[in-house]
Protein chains: 2
Amino acid sequence: MQVHDVDLRLLRIFVAIVECGGLAAAESRLSIGRSTISSHLSDLEVRLGIKLCKRGRSGFELTEPGRITYQASLELLQQCEAFASTVATSKNELSGRVSLAIIDTLVSDPRCAVAHVIAELKERGSNVQFDINVCEAREVETSVVNGRALVGIGVSRHHLRGLDYYPLHDETNYLYCAAGHPLFDCDPSAVSDLLADAEVITSNYMRDRESRNDGLNYQNSAIAYHDEGIAHLILSGKFIGYLPEHYARHWVDKGVFKAIEPEVYRYTIPVVLITSKNNSASPLAQALIEEMKRCHL
Amino acid sequence: MQVHDVDLRLLRIFVAIVECGGLAAAESRLSIGRSTISSHLSDLEVRLGIKLCKRGRSGFELTEPGRITYQASLELLQQCEAFASTVATSKNELSGRVSLAIIDTLVSDPRCAVAHVIAELKERGSNVQFDINVCEAREVETSVVNGRALVGIGVSRHHLRGLDYYPLHDETNYLYCAAGHPLFDCDPSAVSDLLADAEVITSNYMRDRESRNDGLNYQNSAIAYHDEGIAHLILSGKFIGYLPEHYARHWVDKGVFKAIEPEVYRYTIPVVLITSKNNSASPLAQALIEEMKRCHL
DNA sequence: TAATTCATTCCGGTTTTATCGAACTAAACT
DNA sequence: AGTTTAGTTCGATAAAACCGGAATGAATTA
């Protein structure tokens with residue numbers, strides 16, 4: 001091997017060291033001994049003719065050329081992945097990293113096809129890697145906008161420019177109370193009075209003034225942007241709040257949740273596939289989107 | 001070595017084979033035996049999971065994925081060169097952030113080489129960033145001591161431990177009065193009387209008791225640690241004070257300042273380059289210091 | 001000062017890789 | 001069919017890469 005030849009393995013090790021902040025910490029990540037790492041690192045330094053970092057008991061620190069080398073290494077390794085992806089695509093296989101931003105609790109919806117799509121993509125390319133981020137509604141969109149996620153699945157009413165929205169299915173939300181709350185076992189005639197007093201949880205959807213046309217008592221004394229947070233609050237017996245039917249069903253079946261006048265207190269919102277007009281060019285993104293749509297015909 | 005890992009050496013061999021149009025021809029170019037080349041090539045095919053080319057007595061021909069792989073290989077190898085070049089450049093080129101603490105009004109001294117040094121460093125590395133802080137004398141030293149500044153340029157009489165001082169040039173200060181002050185147009189014989197009454201500005205230099213051996217009237221009714229502040233005070237016509245000759249010249253030429261008995265009321269202080277024994281190890285600091293000294297030979 | 005932590009260096013044994021040459025196969029040319 | 005050319009396969013071998021452990025060093029912490 002020539003001295004001037006780039007050795008990707010050494011670069012990977014170097015990157016790991018940098019990201020772990022020292023040889024000792026990199027040990028477990030690389031699962032090779034410290035002495036080995038040390039010699040690899042100094043190997044690289046000799047090859048490049050550069051002192052890459054200061055290290056020792058006094059702390060780990062990149063030199064300026066080290067910083068540059070680190071950045072360049074990341075770039076080169078990225079380009080290697082692109083190479084692999086190009087080659088894989090040429091044989092009709094998918095390859096690369098899929099990053100998904102998904103609104104929380106969607107997993108409990110039986111119509112949710114995410115798992116199926118993952119299986120399908122993995123089937124079509126063993127090199128496909130997944131990076132799934134479950135987050136609240138707003139975050140789904142921002143993740144797609146700023147490129148953290150290739151594709152998002154969530155709900156949205158105020159569509160952002162630069163994003164494409166494709167409706168997958170509708171999600172119906174009901175107003176729930178839990179055992180222990182006055183509304184849980186009350187006489188039907190008392191409902192409207194009790195409702196006027198009940199504190200309602202403010203969720204992402206309910207943050208918009210226009211959504212609060214149900215005459216309920218929004219005091220902002222309980223706010224939660226994740227359904228799981230809302231569930232906690234409802235379970236306390238002190239609040240009532242909207243939840244997707246599929247998510248609440250778990251507790252409804254156990255007899256601890258009850259929907260309050262479901263014919264009145266309900267809203268339906270479409271679950272949408274969110275993609276960016278920018279980064280949907282890669283074959284991987286293409287396949288993901290197509291498959292997602294196909295599953296929701 | 002993992003299967004999905006890219007091996008640059010194999011890619012180089014593959015490229016050579018393609019460009020030579022067969023294994024036999026590539027033999028001499030790679031100066032390795034045909035059997036070796038053959039096994040390398042099939043290695044690569046196994047790794048990528050692709051049949052790259054047809055070969056045999058019937059002629060050499062790339063498959064379609066082979067063509068794509070060849071193109072992608074060229075690209076990747078190109079990017080490797082770019083990587084190498086980036087890293088190599090970072091070796092010789094200076095890069096990083098230069099923080100300078102400079103005593104104020106030095107810019108008006110024609111012997112001040114700061115601008116020239118900045119130009120020179122920028123020339124030697126387009127990645128160099130500058131962070132210049134113009135401040136009063138004391139601050140120059142403290143900035144270097146606590147690391148806020150890599151290098152300082154200022155005046156100092158009580159050298160601090162841990163700092164290195166390198167004399168650049170001498171700066172002469174005269175005692176000035178401005179139009180409107182009794183001393184400005186007075187009769188030479190009246191000077192000594194008027195001087196006894198004139199209020200003198202206390203500056204950084206004049207804060208030391210030992211410096212106040214000129215018999216003047218220091219009342220501390222006007223204090224300024226920046227030359228520009230001193231200039232303001234002198235311009236008011238109510239005070240007299242010491243200023244560097246090069247800085248005062250501007251107003252002297254316009255006829256609004258006048259030096260008072262310049263043969264008597266003057267002092268000279270060396271302008272020094274101040275560096276810390278700690279952080280002068282970086283190549284950037286090194287270059288800066290060397291260049292600064294070179295300009296002041 | 002002692003203990004701790006991080007890193008380097010050296011040692012040796014194991015594994016992997018690179019390489020060559022010889023034997024072999026397959027197609028094409030004579 | 002025999003020859004030629006191109007490539008493959010198969011050991012064998014030497015080189016190298018790899019790895020962990022012990023000893024050491026250096027700087028920090030107790």
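All chains are named by letter (A, B, ...) in the order of the sequence lines, taking the proteins before the strands, and each is independently numbered beginning at 1. Basis for what follows: all heavy atoms, side chains included, without hydrogens, waters or symmetry-related copies.
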Task: Side-chain donor-acceptor contact under 3.5 Å, E141(B) with Y165(B) - done: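 On atom types as modelled, these side chains qualify, holding a pair under 3.5 Å.
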Task: Nucleotide-level pairing of DNA chain C, given in dot-bracket where Watson-Crick and G-U pairs need both distances under 3.5 Å and | marks other strands - done: ||||||||||||||||||||||||||||||
Open item on the list: Does a side-chain N or O of H40(B) approach OP1 or OP2 of dT19(C) to a distance below 4.0 Å, or not?
Closed with: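 So the side-chain polar atoms of H40(B) do come within 4.0 Å of the phosphate oxygens OP1 or OP2 of dT19(C), strictly under.
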- [ ] Please check the phosphate of dC18(D) (OP1 and OP2 only) for any side-chain N or O of R9(A) closer than 4.0 Å.
- [x] yes
Open item on the list: Taking side chain to side chain contact (heavy atoms under 4.5 Å, CB included) as the definition, give me every residue that meets it alongside C53(A), ordered by chain and number, with sequence neighbours left out.
Closed with: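 L41(A), R55(A), F60(A), L62(A).
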Open item on the list: Could you check whether any side-chain N or O of T275(B) sits under 3.5 Å from a backbone N or O of V151(B), counting only pairs where one atom can act as donor and the other as acceptor?
Closed with: no
Task: Any donor-acceptor N/O pair, K54(B) side chain to T63(B) backbone, under 3.5 Å - done: no
Task: Interface with DNA chain D, restricted to residues 61-69 of chain B and to heavy atoms under 4.0 Å - done: none
Open item on the list: What's R34(B) touching, base or sugar-phosphate or nothing? Going by heavy atoms closer than 4.0 Å.
Closed with: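 Base: the residue R34(B), judged by heavy atoms under 4.0 Å, touches a nucleobase.
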Table please: side-chain donor-acceptor pairs of residues 26-35 of chain B below 3.5 Å, with sequence neighbours left out.
from: E27(B); atom 1: OE1; to: R34(B); atom 2: NE; distance (Å): 3.1
from: E27(B); atom 1: OE1; to: R34(B); atom 2: NH2; distance (Å): 3.4
from: E27(B); atom 1: OE2; to: R34(B); atom 2: N; distance (Å): 3.3
from: R29(B); atom 1: NH1; to: E19(B); atom 2: OE1; distance (Å): 3.4
from: R29(B); atom 1: NH2; to: E19(B); atom 2: OE1; distance (Å): 3.1

Open item on the list: Going by the rule side chain to side chain donor-acceptor pair (under 3.5 Å), which residues pair with T105(B) if we only count those two or more places apart in sequence or in a different chain?
Closed with: D227(B)
- [ ] Can you establish whether the number of heavy atoms outside K51(B) located under 6.0 Å from its atom NZ is more than 12?
- [x]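 More than 12 within 6.0 Å, yes.
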Atom pair distance, as rounded to whole Å: [atom1] in [X] and [atom2] in [N]:
X: E45(A); N: dA7(C); atom1: CD; atom2: C1'; result: 12 Å
X: L10(A); N: dC19(D); atom1: CG; atom2: P; result: 11 Å
X: L23(B); N: dA27(C); atom1: CG; atom2: C1'; result: 15 Å

Open item on the list: Return a single string for nucleotides 21-30 of chain D, one symbol per nucleotide in 5' to 3' order, where B is base contact, S is sugar-phosphate-only contact and - is none, cutoff 4.0 angstrom on heavy atoms.
Closed with: B-----BS--
Task: Nucleotide nearest S38(B) when distance is taken to its side chain, options dT9(D), dT8(C), dC6(C) - done: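 Looking only at heavy atoms from C-beta outward on S38(B), the closest nucleotide is dT9(D).
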Open item on the list: I want to confirm an ordering. Mapping S39(A) and R55(B) to their closest nucleotides on DNA chain D, which one lands closer to the 5' end?
Closed with: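 Here R55(B) is the residue nearer the 5' end.
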Open item on the list: I need the Q79(B) CD to Q78(A) CD distance, nearest 0.5 Å.
Closed with: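 Reported to 0.5 Å precision, the distance equals 10.0 Å.
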